[in-house]
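A short write-up of the structure that comes next.
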Amino acid sequence: MARQKRYGVYRRAELWADGAEARNPPDGTVQQGALADEAALADPPPVDAALLRRGRERYEAICTPCHGLTGHGDGMIVARGFPRPPSYHEDRLRAAPARYLVDVITNGYGVMYRYANRVEPRDRWAIAAYIRALQLSQGARIAEVPGLAEKIPAEVNPEGRP
């Protein structure tokens, strides 16, 4: 049982007409879990505190080396010479739909490689939701938050700027 006849990977196999040991899967073959992943990518989960917490945890573990903790594209590997990714606070990325961020995580973009095999579909949505929270936190205007201007001490906001 411990030793059985078998073909070695990438060795010639006389069993098949083309002589190759490695076989392509039959047409129409679907990877296990692919349909569930596809469904999870098609329907974004509702954004709640748990999703944002998960997104923050995944973002800090996976994204910060390039994008930095605040999403300005100033992560540690950028400081060591890797090309700088775009800031999430650029107008283009602020206007992009969350699905665009999920697609970039899934398929990669520019020098960023794809993370489809490393980040579960629900976590991609969680990261996209957290990126939205980062964008809001870094670009928030006082005037846009009802009642906030009255709560900020005058020495912090001396001119009452929004």
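This is a predicted model, so every value here is computed, not measured. Residue numbers count from 1 along this sequence.
The two atoms that bring R84 and G73 nearest to each other are CG-O, 3.2 Å, heavy atoms only. Nearest approach of R99 to P44, heavy atoms of both residues: NH2-CD, 4.1 Å. Scanning both residues, P45 and R122, for their nearest heavy atoms gives CB-NH1, 3.0 Å. For P46 against L51, the heavy-atom pair with the smallest separation is O-CD2, 3.7 Å.
Enclosure of atom CD in Q138 by more than 12 non-hydrogen atoms of other residues, nucleotides or ligands within 6.0 angstrom is indicated. Applying the 6.0 Å contact sphere to CG of D91 captures no more than 12 heavy atoms from other residues, nucleotides or ligands.
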Side-chain atoms of residues 109-116: list all donor-acceptor pairs with protein atoms under 3.5 Å, sequence neighbours left out, distances to 0.1 Å.
none

Can you give me every donor-acceptor pair (side chain of residues 19-33, partner residue at least two apart or in another chain, under 3.5 Å) with its distance?
residue: R23; atom: NH1; partner: D18; partner atom: OD1; Å: 2.9
residue: R23; atom: NH1; partner: D18; partner atom: OD2; Å: 3.4
residue: R23; atom: NH1; partner: A20; partner atom: O; Å: 2.9
residue: T29; atom: OG1; partner: P26; partner atom: O; Å: 2.5

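H72 and T70 share a side-chain donor-acceptor pair at under 3.5 Å.
Evaluation of the salt bridge (Lys or Arg N to Asp or Glu O under 4.0 Å) test over residues 52-78, restricted to residues two or more places apart or in two chains, returns R54-E57, R54-D123, R56-E60. A ring-ring contact (aromatic ring centres under 6.0 Å, His included) check over residues 36-60, counting only residues at least two apart or in different chains, returns the pairs Y59-Y130.
Listed by chain and residue number, nothing satisfies the side chain to side chain donor-acceptor pair (under 3.5 Å) test with T64 (two or more places apart in sequence, or in another chain). When the side chain to side chain contact (heavy atoms under 4.5 Å, CB included) test is applied to P121, the partners found at least two apart in sequence or on another chain are D37, A40, L41, R124.
Taken from OG1 in T106 to CG in N117, the straight-line distance is 10.0 Å, to the nearest 0.5 Å.
The cluster map of Ile, Leu, Val, Met, Phe, Trp and Tyr, joined by side-chain heavy atoms under 4.5 Å apart, puts L101 and I127 in the same cluster. Criterion: ILVMFWY side-chain heavy atoms under 4.5 Å apart, direct or through other members. Under it, V102 and L134 are not part of a common hydrophobic cluster. Under a hydrophobic clustering in which Ile, Leu, Val, Met, Phe, Trp and Tyr are joined whenever their side-chain heavy atoms come within less than 4.5 Å, directly or via other members, Y100 and V119 fall into the same cluster.
Contact annotation: the side chain of V78 approaches that of P85 to within less than 4.5 Å [non-hydrogen atoms, C-beta and beyond]. Within the 4.5 Å cutoff, no side-chain heavy atoms of I62 are placed close to those of R118.
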Apply side chain to side chain contact (heavy atoms under 4.5 Å, CB included) to residues V47 and W125 and explain how you reach the verdict. CA-CA 9 Å; V47 177; W125 285 112; over 6 Å; no
Decide side chain to side chain contact (heavy atoms under 4.5 Å, CB included) for Q135 and I131; before the verdict, give the C-alpha distance in whole Å, the side-chain angles of both, and the deciding distance to 0.1 Å. CA-CA 6 Å; Q135 290 171 330; I131 291 170; 4.1 Å; yes
